[in-house]
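See below for the structure under consideration.
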Amino acid sequence: MAHPADTGFFLMKVLMISTDLKIFDSTSEVRRRVLEYGNLVEELHVIVYAGIKHQISSIRVGGNIFLYPTNTWFKPLYFWDAYEIGKNIIQDSKLSHSVITTQDPFETALVGYWLKKKFNIPLQIQVHTDFLSPYFWRQSWKNTIRRFWWGTRLLKKADGIRVVSERVKNSLVQKNIPENRIVILPIFVDKERFARATAINEYGKDFLILTVARLEPEKNLFLAIDVVAEVLRQYPETRYTIIGQGSLLDRLIIKIKSLSVGDRITIKQVNINDLPSWYKRANLFLLTSNYEGYSMAIIESAAAGIPVVTTDVGVALGEVLPVKNKSRLVEVTNGLVSNPEKCKELIEKQNEFFKNWPTKERWLAAIKDSWEQCSNE
């Protein structure tokens, strides 16, 4: 395949501002996506908020992709460091036909807006979480500032907005964000990869409930553990596995021990390539998040052909229940554990969601279109 810079067809240069350090991991899904984005444009420049402790160097990958860590020694200076790097990139690379895209409507969008103002370059802001949910802004003082001080203010200054779900789009429209600037483009999920997977050989014939999530407060995994502990009272042969990592690992382990269910509830970290096999082994997927923008894990589990029980967040696929409603979560989960026919009915209902599912090529074309539409505003 010819490189876009060699064909003369792609003229766009894109400046991306991110907080995801996994971009510097050559084996990560994030790096893989960045390489795919690079095939869409002449040049892709990615600035990543990074502390100097990470000791990351700027690198060039894929021929036309340039990755720049801020290497900031004091967190409040992320903004200034990213702005200075962005300013130098724009001046040195002559980003005339170009667009700036930011990972969120908060810290990265602020720098994107400064660069837009100085150089008159179109700005696309991405929204990957439902930041207008009260559960988001009540979670921390930082989220309160993000919600009321930055979020919608910066979005109103954007030339284009990429959101990951209809739910997020509707919430923005209600805040008087122009609907014609919003495009719905979630992260791509390779449905066939999960549908074709072979189940991992774990736990014999026990009914396995699975959660794949970051171990962070918004996922409300303490509630999930409480729900499964109740299910175990009635169905002791059930097992529950949480796959993920995050800041709450130690506290969640203590919670499991306190309920004396350590032989039935486990937390694992697995290679991302093994995830499809875990979905295939599971009999039910459980999500108890307080808020989500989309939730790829819901899509991945439904693609693997297992029933989903979720709180009313993100794409809301499967059995959708009120946030934080433990009694309903227990009731519905018990009903599915005890009734294979109900599981089959739910799977058939979920399969309707995947009609007209886009190919990777269509999805990448939509990403490119969103940048071009933004630059033409």
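These numbers were taken from a predicted model, which means no experiment stands behind them.
Here the closest non-hydrogen pair linking Tyr78 and Ala50 is CE2-O, 3.5 Å. Nearest heavy-atom pair across Gly318 and Gln350 is CA-OE1, 3.6 Å.
The side chain to side chain contact (heavy atoms under 4.5 Å, CB included) test with Tyr49 singles out one residue from Asp81, Thr72, Ile17, Asn71, and that residue is Ile17. Evaluated for a side chain to side chain contact (heavy atoms under 4.5 Å, CB included) with Pro69, the options Ile56, Ile52, Ile23 yield exactly one hit, Ile56.
Taking the side chain to side chain contact (heavy atoms under 4.5 Å, CB included) definition, one finds that Asp226 meets it with Lys255, Leu259, Lys326, sequence neighbours left out. Contacts of Arg153 classified as side chain to side chain contact (heavy atoms under 4.5 Å, CB included), with partners at least two apart in sequence or in another chain: Trp149. For the ring-ring contact (aromatic ring centres under 6.0 Å, His included) test, residues two or more places apart in sequence or in another chain that qualify with Phe353 are Trp357. For the ring-ring contact (aromatic ring centres under 6.0 Å, His included) test, no residue two or more places apart in sequence or in another chain qualifies with Tyr240. For Glu230, the side-chain hydrogen bond (donor to acceptor under 3.5 Å, both in side chains) partners are Arg233, not counting sequence neighbours.
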Any chance you could lay out the side-chain contact (heavy atoms from CB on, under 4.5 Å) test for Leu321 and Asn325, step after step, and finish with the verdict?
-> CA-CA 7 Å; Leu321 305 172; Asn325 192 322; 5.7 Å; no
Could you go through the salt bridge (charged side-chain N to carboxylate O under 4.0 Å, His left out) check for Lys349 and Glu352 one step at a time?
-> CA-CA 6 Å; Lys349 180 182 172 184; Glu352 293 293 313; over 6 Å; no
I would like to know whether Thr241 and Tyr203 meet side-chain hydrogen bond (donor to acceptor under 3.5 Å, both in side chains); could you show each step before the answer?
-> CA-CA 10 Å; Thr241 294; Tyr203 307 138; 3.1 Å; yes
Would Leu232 and Ile265 count as a side-chain contact (heavy atoms from CB on, under 4.5 Å) if you check the C-alpha gap in whole Å, the side-chain angles of each, and the deciding distance to 0.1 Å?
-> CA-CA 10 Å; Leu232 284 167; Ile265 301 179; 4.2 Å; yes
Passes side-chain contact (heavy atoms from CB on, under 4.5 Å), Thr311 versus Glu292? Steps please.
-> CA-CA 10 Å; Thr311 46; Glu292 293 275 354; over 6 Å; no
Taking it one step at a time, do Thr70 and Ile85 satisfy side-chain contact (heavy atoms from CB on, under 4.5 Å)?
-> CA-CA 8 Å; Thr70 59; Ile85 293 171; 4.2 Å; yes
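Side-chain contact check for Leu317 versus Val308: every heavy-atom pair is 4.5 Å or farther apart. Using a 4.5 Å heavy-atom cutoff, the side chains of Pro217 and Leu248 are in contact. Using a 4.5 Å heavy-atom threshold, the side chains of Leu67 and Arg31 count as touching. Within the 4.5 Å cutoff, no side-chain heavy atoms of Arg193 are placed close to those of Glu300. At a threshold of 4.5 Å between non-hydrogen side-chain atoms, the residues Gln139 and Tyr135 do not count as touching.
The backbone N or O of Leu185 sits less than 3.5 Å from a side-chain atom of Arg162, completing a donor-acceptor pair. Judged by distance alone, with hydrogens and angles left aside, the side-chain atoms of Asn290 form no donor-acceptor pair with the main-chain N or O of Lys324 at under 3.5 Å. Using a distance-only test at 3.5 Å, with no hydrogens or angles considered, a donor-acceptor pair links the side chain of Ser28 to the main chain of Asp25. Of the possible donor and acceptor atoms, one in the side chain of Thr288 sits under 3.5 Å from a partner among the backbone N and O of Asn220.
To the nearest 0.5 Å, atom CG of residue Asp206 and atom CZ of residue Arg239 are 5.0 Å apart. A distance of 5.5 Å separates CD1 of Ile65 from CG of Leu44, quoted to the nearest 0.5 Å. One finds the CH2 atom of Trp371 at 13.0 Å from the CD1 atom of Ile100 (value rounded to the nearest 0.5 Å). Summarising the geometry, atom NZ belonging to Lys118 is positioned 12.0 Å from atom CG belonging to Asn120; distances are rounded to the nearest 0.5 Å.
Val332 and Tyr235 fall within the same hydrophobic cluster, defined by Ile, Leu, Val, Met, Phe, Trp and Tyr side-chain heavy atoms under 4.5 Å apart, directly or through other members. Placement of Leu77 and Tyr113 in two distinct hydrophobic clusters is found when ILVMFWY residues are connected by side-chain heavy-atom separations under 4.5 Å, directly or transitively. Under the 4.5 Å side-chain heavy-atom criterion for Ile, Leu, Val, Met, Phe, Trp and Tyr, Trp150 and Leu123 are members of the same hydrophobic cluster. In the hydrophobic cluster analysis, where Ile, Leu, Val, Met, Phe, Trp and Tyr join through side-chain heavy atoms closer than 4.5 angstrom, Val127 is grouped together with Leu110. Hydrophobic clustering, with ILVMFWY side chains joined whenever heavy atoms are under 4.5 angstrom apart, groups Met296 together with Ile272.
Classification of the His45-Tyr68 ring pair by plane angle, with boundaries at 30° and 60°, yields parallel.
Salt-bridge formation is detected for the pair Asp159/Lys116: a Lys NZ or Arg NE/NH1/NH2 atom is positioned less than 4.0 Å from an Asp or Glu carboxylate oxygen. Contact check on Glu29 versus Arg32 returns a salt bridge, with a Lys/Arg side-chain nitrogen under 4.0 Å from an Asp/Glu carboxylate oxygen. Salt bridge status for Arg328 with Glu331: present, with a side-chain N to carboxylate O gap under 4.0 Å. A salt bridge links Arg167 with Asp312: the distance from a Lys NZ or Arg NE/NH1/NH2 to an Asp or Glu carboxylate oxygen falls below 4.0 Å.
Within 6.0 Å of atom CD in Glu84, more than 12 heavy atoms from other residues, nucleotides or ligands are found, so the atom counts as buried in its surroundings. The local environment of CG in Asn201 is sparse, with at most 12 non-hydrogen atoms from other residues, nucleotides or ligands closer than 6.0 Å. Around NZ of Lys175, the count of heavy atoms belonging to other residues, nucleotides or ligands within 6.0 Å does not exceed 12. The environment of Lys342 atom NZ is sparse: at most 12 non-hydrogen atoms of other residues, nucleotides or ligands sit within 6.0 angstrom.
Judged by distance alone, the side chains of Thr19 and Gln103 do bring a donor and an acceptor atom under 3.5 Å apart. Between the side chains of Gln124 and Ser370, at least one donor-acceptor pair of N or O atoms lies under 3.5 Å.
Note on residues 169-199: pairs passing ring-ring contact (aromatic ring centres under 6.0 Å, His included), not counting sequence neighbours, are Phe188-Trp363, Phe194-Tyr279.
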